[in-house]
Amino acid sequence: MKLTALLSLLMALIVVPVVHAKPKTELIIGTAQEAASLNPITAKMLASLIVQGAVLRNLNVLNENVEWVPQLATSTPSIENGQARFVGKGKNRHIESNWQIRDKAVWGDGTPVTGYDVAFSHRVALDPKVPVATKQIYKAIKTVVVDKKNPKKFKLIHSGVSWSFAKMGDFFIVPKHLEEPVYEKFKDQPDGYKNNSNYAKNPTNPGLYNGPFTIAEVKFGSHITLKRNPKFFGKKPSLEKVVFKLIPNTSTLEANLRSGTIDMINAIGISFDQALSLDKKLKRGTSKHQVNFRASTSYEHIELNLDKTPALKDKKVRHALMYGLDRDSMTQSLFEGKQPTALHFFAPSDPWYTDDQAKIKTYKYDPKRAMKLLEEAGFRKKADGYYYKDGKRLQISMMSTAGNKTRELVQVFMQNQYKQIGIEMTIKNEPARVFFGQTTFQRKFPGMAMFAFTPLPEDDMRPYLHSDFIPRKENGFSGNNVSAWNSKQLDGILEKMQTEFDENKRKRMAADLMSFYTEEVQTIPLYYRAEVSVTPKNLRNYNLTSHKFPATNHIENWKFE
Amino acid sequence: MLRYFSGRLLGAVATFFVLSYVIFQLMALMPGDPVDTMASSIPNITAADIARLKALYGLDKPGYVRFWNWFSGAITGDLGYSRTYQVPVTQIVAGPIFNTFLLSICSLSLALLIAIPLGVFSALKKNSSFDYIVNFFAFAGISVPSFWLGIVLIILFSVTFQWLPAGGTTSVELSGSEAGSAFFDRLKYLILPVTSLMFFQLGSFVRYTRNAMLEILNDDFIRTARAKGLDNSKVVFKHALRNALIPLITVVSISMGFLLSGAIITETVFAYNGLGRLVYDSIMGNDFNVAMVGLLLVVGMVLLMNMVADFMYAVVDPRVSYEKPR
């Protein structure tokens with residue numbers, strides 16, 4: 001009897017460590033923002049995109065190596081591979097592309113994903129009563145023609161000709177067999193489909209998802225639990241369960257990580273300055289976590305309002321602003337080089353990026369040159385150290401989002417540097433909803449507005465630079481051309497780029513664009529923002545992507561060692 | 001008394017209606033409507049998209065029309081949908097209301113349970129070491145910012161000792177599990193936020209009780225009671241404390257009025273899924289229907305607790321009467 005007890009004890013001592021040594025299969029991710037809506041067609045928040053990345057797959061997506069890779073589709077059509085062709089002439093000229101969905105691709109309830117789902121999603125997204133923020137990607141497709149013999153095959157008849165016709169990352173697909181009855185019942189009510197969709201009413205129905213995970217539980221204001229989808233067509237995920245836990249206070253996210261309440265902090269958790277300080281703390285000790293930084297396509301810059309500050313109309317003054325600001329020193333001292341100095345709107349990860357000085361104008365810090373340029377522009381320095389013209393001091397007002405510590409540090413740095421060359425910079429910040437909701441995008445800021453926009457690599461830059469996209473009352477203040485770039489030359493390049501199918505020619509046009517942009521300087525490039533996350537050191541295959549398609553699009557590869 | 005309270009109730013209903021209109025219009029005045037904010041983050045949104053979305057959400061209509069649409073729905077029980085979560089508002093607010101109520105009632109009850117005896121003994125032992133220590137902690141409770149105390153508690157009990165969870169409302173693993181373990185799980189998550197919230201209330205309640213007791217203990221009727229040879233505990237707890245409770249009722253009633261809204265900071269620091277945080281998030285996120293309901297619940301609670309306080313005065317102090325003098 002005693003021997004049996006002793007053996008049992010020994011077994012327990014041996015077995016218990018073996019059980020604990022098994023790799024972890026559950027991951028709790030701390031997030032500062034909630035994935036409030038799960039319907040991919042109507043949700044546009046980054047927090048929702050992160051969860052959707054784990055539970056839904058698109059036809060194709062941009063991966064962490066900045067390459068478009070097929071997800072649901074067997075391959076991405078192109079003119080070269082013969083899956084797409086030009087049809088028609090003149091105004092009717094358009095592209096038709098042939099797609100095929102993977103045979104094994106099914107929804108979580110076993111129903112195959114087919115072209116009918118694509119056609120249904122297209123119809124829903126184009127319905128004016130369905131609140132899709134931007135219907136551009138859906139409008140770019142005229143019709144979806146499904147092969148009746150093999151519904152896995154379908155043809156997209158595109159509305160026109162664009163070299164980027166096959167980039168379908170923003171074309172979201174929902175299951176027709178579950179969503180069509182809801183849509184038909186509520187389609188006549190404003191918001192009827194959105195509010196009654198299964199994603200809102202019954203989000204744990206596995207049939208709504210075709211990704212590596214399905215939603216197991218949704219607790220608003222608390223967490224979303226995902227469980228492995230046994231019917232996923234791709235690689236079986238190593239993780240069995242993933243939880244997105246909402247911790248809205250970024251200061252306590254770190255405490256939650258250190259106390260073991262959460263395993264990692266995702267890309268919408270802590271701010272850059274918090275990440276920098278946490279990185280130092282973790283490196284000092286023997287922490288099980290690491291902070292990941294990756295320069296993203298998010299372009300932090302200053303838009304200039306030439307209409308409200310006449311001095312800025314003079315290109316010499318704008319050049320002086322560039323020469324008078326030591327941006328390299330700024331990114332080194334404030335960000336330890338983890339947010340690199342921006343030359344223009346294309347980030348280093350973008351295939352169109354160039355730092356070739358033969359192609360673009362670069363501005364090395366040169367305060368003497370800056371002051372010379374100001375004098376050439378007719379300004380004279382007075383005893384108080386500031387430049388004046390027609391009795392008026394050269395004063396520029398700078399606005400940004402209140403409470404953003406990184407931006408406030410940049411503002412103070414700039415204020416000091418511009419003071420040294422004789423320009424007075426005043427700072428007036430506003431809460432984000434006022435700053436973005438009205439001031440910036442209705443062009444009410446007096447001189448400078450500092451914020452970021454996040455284009456995709458090889459993106460269509462018309463919304464930021466084309467004269468049609470200058471926010472005006474007449475166009476309902478739509479468009480992001482806040483600096484009011486208004487140049488026929490620029491418009492021409494931007495338009496031609498969209499229909500140019502030769503990759504090398506497009507690259508040359510992109511260089512022309514950057515050349516114009518860096519010469520005219522209606523915008524002051526600052527830095528490329530870093531994407532940050534905190535992960536356990538033993539979590540493998542997790543990579544920040546540097547663009548808007550999140551790391552969860554590859555969650556099936558994540559595993560603990 | 002019934003007549004008095006019926007009048008008060010009617011007044012409260014009218015106040016509630018007026019305030020709901022004022023809150024609605026104030027929210028409508030906030031710069032950057034949901035579509036403006038959305039448009040700023042979507043570079044290729046078109047003017048047609050913006051016009052379509054504004055019409056869809058009724059943002060193109062005048063404020064009074066929008067209020068009437070909302071109010072006529074609300075009185076029939078249709079509080080609308082959350083723009084953020086895309087589910088009915090009732091579904092969104094039910095959980096957080098309970099959570100906040102639980103958090104606030106626990107902290108308030110504990111604060112009263114501790115504060116009243118401390119305040120009484122502090123008054124009885126005026127200027128003693130005990131009194132000084134109690135006063136020191138009472139002032140500390142009033143002065144220490146709740147977010148700071150919250151973070152200190154997290155660092156101490158969650159990070160250093162790892163005894164309690166750093167944040168949340170319940171464990172993820174235990175959601176929907178059997179009642180017993182769910183109760184203890186809930187308790188585990190309540191300890192730190194309740195302590196943080198209670199500390200502030202404790203300080204002010206101790207001070208109010210102590211001051212009221214000091215004043216009452218010097219009154220003639222207390223001297224008379226003592227002269228009659230009444231037992232000291234009877235004098236203190238039956239005669240003095242009952243009278244000292246009147247100012248405390250006012251303070252507690254005001255505190256209870258803010259039961260549903262007063263814990264925003266605590267809820268945010270502890271990632272506690274409560275109403276205060278929900279209202280704050282919905283205002284910042286332009287989730288109009290949720291914010292309206294949340295704010296009106298707070299207004300309703302303040303009006304209700306004021307009426308309860310009036311009623312309690314009559315219960316505690318027989319001199320207070322709402323009958324018409326004959």
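Letters A, B, ... mirror the listed sequences (proteins, then strands); counts begin at 1.
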Among B/Gly168, B/Ala166, B/Pro96, which has the most heavy-atom pairs under 4.5 Å with chain A?
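Counting heavy-atom pairs under 4.5 Å, the top option is B/Ala166.
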Is there any residue in residues 153-163 of chain B with a non-hydrogen atom under 4.5 Å from a non-hydrogen atom of chain A, and which ones are they?
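Expected list: B/Ile154, B/Ser158, B/Val159, B/Gln162.
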Using heavy-atom distances under 4.5 Å, tell me whether A/Glu34 contacts chain B through its side chain, its backbone, both, or neither.
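Contact with chain B: side chain only.
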Segment of A/Lys139 engaging chain B (4.5 angstrom heavy-atom cut-off)
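Side chain only.
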Whether over 12 other heavy atoms sit under 6.0 Å from B/Tyr280 OH
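Result for OH/B/Tyr280: open.
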Enclosure of A/Lys428 NZ (heavy-atom neighbours >12, cutoff 6.0 Å)
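Check fails, neighbour count at 12 or below.
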Let me know if B/Ile92 has heavy atoms under 4.5 Å from chain A in its side chain, its backbone, both or neither.
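The side chain, not the backbone.
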Suppose we screen for salt bridge (Lys or Arg N to Asp or Glu O under 4.0 Å). Which residues come up paired with A/Lys548, at least two apart in sequence or across chains?
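Residues passing salt bridge (Lys or Arg N to Asp or Glu O under 4.0 Å) with A/Lys548: A/Asp170.
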Using the test salt bridge (Lys or Arg N to Asp or Glu O under 4.0 Å), find all partners of A/Glu179 that sit at least two apart in sequence or belong to another chain.
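If we apply the salt bridge (Lys or Arg N to Asp or Glu O under 4.0 Å) test to A/Glu179, skipping adjacent residues, there are no hits.
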With sequence neighbours excluded, residues passing ring-ring contact (aromatic ring centres under 6.0 Å, His included) with B/Tyr272
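Residues passing ring-ring contact (aromatic ring centres under 6.0 Å, His included) with B/Tyr272: none at all.
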With a 4.5 Å heavy-atom cut-off, do B/Tyr81 and A/Asn196 have their side chains touching?
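Yes - at least one pair of side-chain heavy atoms lies under 4.5 Å apart.
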Which heavy atom of A/Lys219 sits nearest a heavy atom of B/Thr170, and at what distance?
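Distance-wise, the nearest heavy atoms are NZ-OG1, 4.3 Å.
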A/Phe220 versus B/Val87, closest heavy-atom pair with distance:
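Answer, listing the atom of A/Phe220 first, then B/Val87: CE1-CG2, 3.8 Å.
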Mark yes or no for whether A/Thr252, through its side chain, and B/Phe270, through its backbone, hold a donor-acceptor pair below 3.5 Å.
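Absent.
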Output yes when a side-chain donor or acceptor of B/Arg277 lies under 3.5 Å from a complementary backbone atom of A/Gly221, and no otherwise.
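Yes: the side chain of B/Arg277 pairs with the backbone of A/Gly221.
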